[in-house]
Amino acid sequence: MEAYVFYLFAFIIIASGIAVVTMRNIFHCALMLIFCLFTVAGLYVLLSAEFLAVVQVLLYVGAVAILMIFAIMLTSRLAGREVQLSNEQTFVGGFLALVFALGIFYAVNATYFVPSDAVLGRENSLAIGKLLMTEFVLPFEVISVLLLAALIGAIIIARREGN
Amino acid sequence: MINITPLIPELFLLVMAIVVLMLDLFSSRRTVVVPAYVSMAAVIITGFLVFKFGGDAVRWGSNAIFVADSFSQFFKVIILGAAFLAIGSSFGTADRMTHHRGEFFALLLFSTVGMMFLVSAKELILLYVGLELTTIPLFVLVAYQKTNRASSEAGLKYLIIGAASSAILLYGLSLLYGYTGTTYLNEIAQKTAVYFLSHGFIPNAEGTTDLVGMGPAFSVALMMIIAGLTFKLAIVPFHMWAPDVYEGAPTPITAFLSVGSKAAGLAAIIRIFDGMLYAFSHDTMPNDSWGTMMAVLAAVTMVAGNIIAIRQTNIKRMLAYSSIAQAGYILIGVIAASKLGVASCGFYMFAYMFANMGAFAIVGLYAEKTGKKNISDFAGLSKTSPIIAALMTMFMLSLAGIPPLAGFMAKYYIFAAAIEAGYTWLVILALLMSVVSLYYYANVVRIMYMVDSDNKHHIIPSFPAGLVLALTGIGVLLFGILPQSILDMAYKTASSFIF
């Protein structure tokens, strides 16, 4: 049963992923991206990684994708119009992507991954929270500095300079 | 209770970055002097703190996620040196900006903090976060001259390629984690080395109980990590972004990019790979394919960088290709995977810092005064500004590796390490390429001294720019004649590794 759900999700992810890069209307692309990201969250739930699933929905679907839609809608030239979204390198790029995907597929398939002996429990989020506040508190805090720097940078780049 | 002593240098610089940001609120908008000097002072004090609170035994976190060993100390000196020299040569650039001067220096300091975390990280997540903190402020700094098309284009290019390379790196890191079950570099090196030494390089589909089964996913992971990190180092074939970005970015940022982020990326490569490469190339190992692969990368980089540099007319593009070629030489030291190899990498980076920062400082100064950026525009410089011309000559010859300058000693040690490790063919090629490089480096000297022009521009550097030129000039000369003290320091850094 679990396997069927997995294959269903995987199919939706791949199909919507292809739709993101092939559809003509950039607004539809963004909607497809939301669909794709949402299904990935479903995959996480399937793997009992509920924390990741929540973060996925909250950040990627809730923030990133919605922001993209806002950006498209607020850019008057883009909304509701067909824009050239690909260039002459479509086939080269597609071919390389295919080779890359097959390579990864082969490599992962031919490799034995040692299963983790960690027990998946109901308290995954608790464990992650504890790790983030103890062992990994340093990267956690450095990320906040990173966000500050990114914020300042975004303001500098995006602000219209008055005279 | 968490002991934060090992983190004091980073925390200090971080606080100072925020102080510089705040200064802009209170000080008069007319002057660039206050934030710039505060930043320079902060960088120097951080340099002292690195030695005061660092040491081989100093580590942070229950599993030593962050170490302040002599390897990281040495690279932090290079990074802070590059930051200091970049800020010193930024006065002119920042002065001509109409907006966001304080933020310019704050972002530079943020990036420096990121590099410091990167060279101290002994764990993949911190390493990645440090890398992002290094590059994200740099995206903005590259595009800082918003009204300048070239600068904006360079920023966008750097952003897209940087994001793509980060994605590849992250994919590689996650595969490596899935494969070894740990994000700690020590444990990863242990697991892979133990496996290599006992089993050889054979794909294993069954797996063993206590060891990680060797499989193609591991190779793919390593390849992706190499690709991701060599993007940052601008190693061929991942160099395409460098010339455009170097040309478009404000010159001090180009200099910082070519030295600081190279040093940080190099440190990360050495940390991740040298333990493994040593295991790969160990006597019991039948297959040394990784060393060979990286040797090919180094060879292609040296050849392409040097040959394409000859044809450049824009001096920043020429220096961009030269820095690509220089990264090729540095990679030789990594491949050697020995104490001398790591030491020579460190020394090379140190010598390269002085010559490259100095050369870019002069290029920036010249472009500021005259608005000219081509190599041929330097004609007659020896008549109008003899000291500047003499310094430029020194930097060029040091980059080419002419004795008695620092660049010569650096190349000498790199080649010695490679011969010791058995890569004689690579050394012969590198020597040939050094001869080729002499052509375009000496060409700048020839134009400055031999070609007459009606150029009347007398270049008088401001105090900070003059300080930068004096420091880099002294560095190039002093560490060429007396390299021993720095080499000893660099040699000590190798104690962090298993060989």
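Chain A is the first sequence line, chain B the second, and so forth, proteins listed ahead of strands; every chain is numbered from 1.
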Practice prompt. Indicate the atoms forming the closest heavy-atom contact of A:P139 with B:I125, along with that distance.
Written response: CB-CG2, 3.9 Å

Fill in: Nearest non-hydrogen partners of B:V220 and A:A107, listed with the distance
CG2-CB, 3.4 Å

Worksheet entry | Criterion side-chain contact (heavy atoms from CB on, under 4.5 Å) on B:L107 and A:I156, from CA distance to verdict | CA-CA 11 Å; B:L107 284 172; A:I156 291 169; 3.8 Å; yes

Worksheet item: chain A heavy atoms under 4.5 Å from B:E123: which part of the residue, side chain, backbone, both or neither?
Response: side chain

Discussion item. Whether the side chain of B:K146 engages the backbone of A:A158 through a donor-acceptor N/O pair (distance < 3.5 Å, no angle test) should be reported.
Written reply: no

Worksheet item: Quick check: are there more than 12 heavy atoms from other residues, nucleotides or ligands sitting under 6.0 Å from CZ of B:F66?
Response: yes

Worksheet item: Got B:V113 and A:V145 here, is their nearest side-chain heavy-atom distance under 4.5 Å?
Response: no

Worksheet entry | Point-to-point distance, once rounded to the nearest 0.5 Å, from CD of A:E135 to OH of B:Y184 | 3.5 Å

Discussion item. Would you say that more than 12 heavy atoms from the other residues, nucleotides or ligands in this model lie under 6.0 Å from the CE of B:M240, or not?
Written reply: yes

Worksheet item: Which bit of B:F104 comes within less than 4.5 Å of chain A, counting heavy atoms only: side chain, backbone, both or neither?
Response: neither

Worksheet item: side-chain contact (heavy atoms from CB on, under 4.5 Å) between B:W60 and A:V137: does it pass, once the steps are laid out?
Response: CA-CA 11 Å; B:W60 186 91; A:V137 68; 3.3 Å; yes

Worksheet item: Counting only heavy atoms not in B:F12, do more than 12 fall under 6.0 Å of its CZ?
Response: yes

Worksheet item: At what distance, to the nearest 0.5 angstrom, does CZ of A:F100 lie from CD1 of B:I168?
Response: 6.5 Å

Fill in: Residue pair B:L133, A:I143: steps toward the side-chain contact (heavy atoms from CB on, under 4.5 Å) verdict
CA-CA 8 Å; B:L133 184 55; A:I143 286 179; over 6 Å; no

Discussion item. When you compare the side chain of B:V140 with that of A:I152, does any pair of heavy atoms fall below 4.5 Å?
Written reply: no

Fill in: Contacting region of B:Y144 [heavy-atom separation from chain A under 4.5 Å]
side chain

Discussion item. My understanding is that only residues two or more places apart in sequence, or in another chain, count here; which of them pass salt bridge (Lys or Arg N to Asp or Glu O under 4.0 Å) with B:K122?
Written reply: none

Worksheet entry | Contacting moiety of B:L14, where chain A heavy atoms sit under 4.5 Å | side chain

Practice prompt. Taking atom CZ of B:F53 as the centre, report whether more than 12 heavy atoms of other residues, nucleotides or ligands fall under 6.0 Å from it.
Written response: yes

Worksheet item: Where on B:I65 is there a heavy atom nearer than 4.5 Å to chain A: the side chain, the backbone, both, or neither?
Response: side chain

Discussion item. Within the structure provided, determine whether A:L148 and B:I18 are in side-chain contact (heavy-atom separation under 4.5 Å).
Written reply: yes

Worksheet item: After noting the C-alpha distance and the side-chain angles of A:F136 and B:T183, does the key distance pass the side-chain contact (heavy atoms from CB on, under 4.5 Å) rule?
Response: CA-CA 11 Å; A:F136 292 97; B:T183 58; 4.2 Å; yes

Worksheet item: Side chain, backbone, both or neither: which part of A:I157 has a heavy atom under 4.5 Å from chain B?
Response: both

Item to complete: Against chain B, label A:F105 side chain, backbone, both or neither, depending on which of its atoms sit under 4.5 Å from a heavy atom there.
Response: neither

Practice prompt. Step through the shown structure and confirm whether more than 12 heavy atoms of other residues, nucleotides or ligands are within 6.0 Å of OH on A:Y60.
Written response: no

